[in-house]
Amino acid sequence: MRTVPFSPRCAHSAALAGVLGLTLAMLGSMPGVAAADGESHAAGYVYVLDNGASNAITTYARGADGSLTPVGTTETGGAGSVPAFADGTEGSLIRARDGSPWLFAADAGSDQVSVLAAQDGQLTLKGVFAAGGAGPVSLTYGHGRLYVLNAANGGEPSANVAGFRVGADGQLRPIAGATRPLSTAHPNPAQIQIDPSGRWVVVTEKLTNRLDVFRVGADGGLSAATSVPSTGLYPFGMAFDPARPRELIVDDGFGTGVGITGAVTAYRFADGGLRVVSGPVPDFQIAPCWMVVTGNGRYAYTSNADSQTISGFAIAEDGTLSLLTDGGATATTPVDTFPLEEGLSRGSRYLYMLDSRLLLKPLPGPATLSGFRVGEEGGLTPVIDPAGFTLPFSAIGLAAE
């Protein structure tokens with residue numbers, strides 16, 4: 001039975017007191033996943049960041065039917081941290097989409113970033129690097145550059161963004177002029193994203209209700225942040241629309257602040273700033289936090305942490321948004337979980353979800369996975385049974401290919 005009281009924040013700090021007494025050593029003691037036969041025949045892979053004391057990535061081979069088979073676990077060489085992610089973030093584990101082999105992982109407990117090469121489901125650690133700040137929680141990659149969001153929640157130094165060039169050998173090299181502060185020292189940031197053109201980097205700030213926009217120079221350096229007020233309340237996860245590269249779709253965890261349900265807003269880069277295209281469009285669900293957009297730009301999906309649902313939105317040619325389903329629930333996840341990170345397979349045929357039990361009372365339980373086939377009209381059909389997956393309760397990041 002679900003016993004957690006409603007707290008529509010995506011931020012999980014209110015419930016964190018029940019788990020802070022559990023040590024990171026306990027997180028690192030979760031059992032690994034045994035290797036599977038035949039993983040080389042996979043159609044793709046799904047990766048989950050365990051976020052334990054010895055941070056590790058669990059790999060699953062994806063079948064052509066969307067099924068998942070465990071491959072194994074690979075240590076990142078850094079340390080995870082439950083407190084660093086307690087306020088909610090997106091993008092702590094990301095897969096390069098430009099044909100390069102890189103998988104990037106945030107090691108929030110050791111203020112590092114790990115770079116791994118992924119080939120046929122096998123991960124090879126290429127290096128562990130200083131994150132350029134404290135508490136790295138979100139990563140974005142494009143045009144051979146990695147930008148790191150360091151949240152520094154509740155500590156020093158202040159939150160910032162740090163940029164790195166990614167070498168052909170997987171080594172990270174700091175970019176001069178690419179380390180910049182956010183709008184304030186501790187704005188509880190959620191995610192960082194680089195736009196498809198590589199001209200802009202955006203950060204969502206939940207506490208200040210702002211979007212920080214950084215212009216990217218030819219050398220990868222960043223301008224000072226221009227902070228844009230969010231139209232919706234509590235901007236959290238976001239994704240660029242591949243079919244409309246100047247359009248950014250953002251989750252509003254508190255919607256407009258009227259009632260307890262959330263919303264989604266679409267923005268477009270224009271005249272050096274962000275202009276609202278659509279929204280906030282209510283999804284009538286509680287705590288929409290994580291966001292993905294299909295590769296064809298037709299659909300966006302948000303996970304609703306406190307409703308155990310996924311809301312689908314159709315994206316019109318002009319970029320406006322509309323709910324796919326009356327009431328907002330396009331699909332459901334297990335009732336005793338909090339659906340968090342989302343990941344789309346190559347071609348956006350399958351959508352995978354990390355379902356957390358971190359906030360269960362009196363003690364957290366193991367995380368699990370949900371998976372859905374994305375229909376031609378945007379509907380979601382389950383393809384895996386969440387009961388068949390057991391992950392550490394500390395798990396926080398997910399990437400798919």
Side-chain angles (χ1 to χ4, degrees), residues 11 13 49 51 55 78-81 83-94 104-115 127-166 171-195 198-217 219-230 234-238 248 250 274 396-397:
S13 56
L49 188 64
N51 189 37
N55 210 0
S81 169
F85 293 104
D87 289 320
T89 61
E90 179 173 358
S92 58
L93 181 68
I94 61 171
F104 303 99
D107 301 309
S110 54
D111 296 337
Q112 295 173 310
V113 174
S114 297
V115 182
V128 186
F129 307 90
V137 294
S138 183
L139 312 169
T140 189
Y141 171 81
H143 302 270
R145 300 162 184 155
L146 179 75
Y147 292 92
V148 181
L149 172 60
N150 294 295
N153 285 343
E156 296 295 338
S158 300
N160 71 357
V161 170
F164 303 85
R165 290 187 183 86
V166 183
Q171 302 300 291
L172 298 186
R173 297 171 176 85
I175 299 173
T179 300
R180 297 292 185 184
L182 303 185
S183 73
T184 189
H186 301 293
N188 195 6
Q191 188 181 6
I192 186 170
Q193 283 276 272
I194 186 170
D195 83 300
R199 295 176 56 197
W200 309 95
V201 166
V202 184
V203 171
T204 49
E205 294 185 354
K206 303 191 294 290
L207 187 62
T208 62
N209 207 52
R210 290 181 173 274
L211 307 175
D212 290 333
V213 180
F214 302 84
R215 185 185 293 272
V216 181
D219 60 354
L222 300 177
S223 69
T226 298
S227 292
V228 180
S230 173
Y234 210 77
F236 193 97
M238 58 180 163
L248 178 69
V250 181
L274 290 174
I396 189 62

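The backbone N or O of Tyr234 sits less than 3.5 Å from a side-chain atom of Asn209, completing a donor-acceptor pair. Checked by atom type and distance alone, the side chain of Asp219 pairs as donor or acceptor with a backbone atom of Gly221 at under 3.5 Å.
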Inset, instruction - Given side-chain contact (heavy atoms from CB on, under 4.5 Å), test Leu146 with Ile94 step by step and report yes or no. - result: CA-CA 10 Å; Leu146 179 75; Ile94 61 171; 4.1 Å; yes

Inset, instruction - Using the side-chain contact (heavy atoms from CB on, under 4.5 Å) rule, take Val203 and Tyr147 through it: C-alpha gap first, then chi angles, then the decisive distance, then the call. - result: CA-CA 11 Å; Val203 171; Tyr147 292 92; over 6 Å; no

Inset, instruction - Please report the C-alpha distance between Asn160 and Thr179 in whole Å, then the side-chain angles of each, then the deciding distance to 0.1 Å, and finally whether the side-chain hydrogen bond (donor to acceptor under 3.5 Å, both in side chains) criterion is met. - result: CA-CA 7 Å; Asn160 71 357; Thr179 300; 5.4 Å; no

Inset, instruction - Decide side-chain contact (heavy atoms from CB on, under 4.5 Å) for Ile194 and Arg145; before the verdict, give the C-alpha distance in whole Å, the side-chain angles of both, and the deciding distance to 0.1 Å. - result: CA-CA 10 Å; Ile194 186 170; Arg145 300 162 184 155; 5.6 Å; no

Legend entry - Trace of the side-chain contact (heavy atoms from CB on, under 4.5 Å) decision for Leu149 with Gln193: CA-CA 9 Å; Leu149 172 60; Gln193 283 276 272; over 6 Å; no

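Nearest heavy atoms, Gly397 versus Ser92: CA-OG, 3.3 Å. Minimum interatomic distance between Leu211 and Pro235 (heavy atoms only, all atoms of both residues): CD2-CB, 3.9 Å. Here the closest heavy-atom approach between residue Phe214 and residue Leu182 is recorded as CZ-CD2, 3.9 Å. Of all non-hydrogen atoms in Ser183 and Ser227, the two that sit nearest each other are CB-OG, 3.1 Å. Scanning all heavy atoms of the two residues, the minimum distance from Met238 to Val202 falls at CE-O, 3.2 Å. Across every non-hydrogen atom of Pro187 and Ala159, the tightest pair is CD-CB, 4.0 Å.
Contact check for Ile192 versus Val148: no side-chain heavy atoms found under the 4.5 Å cut-off. In this structure, Pro229 and Thr208 have side chains that are not in contact, with every pair of non-hydrogen atoms separated by 4.5 Å or more. The shortest distance between side-chain heavy atoms of Phe104 and Val166 falls below 4.5 Å. By the 4.5 Å heavy-atom criterion applied to side chains, Asp212 and Glu205 are counted as neighbours. Contact annotation: the side chain of Phe164 never approaches that of Arg173 to less than 4.5 Å [non-hydrogen atoms, C-beta and beyond]. In this structure the side chain of Thr226 never reaches within 4.5 angstrom of the side chain of Trp200, judged on heavy atoms.
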Could you pull out all donor-acceptor pairs under 3.5 Å where a side-chain atom in residues 127-137 meets a protein atom, sequence neighbours excluded?
none

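Residue Thr204 holds its OG1 atom at 6.0 Å from CD of Gln191, rounded to the nearest 0.5 Å. Atoms CG and CG, on Asn55 and Asp107 in that order, are 5.0 Å from each other to the nearest 0.5 Å.
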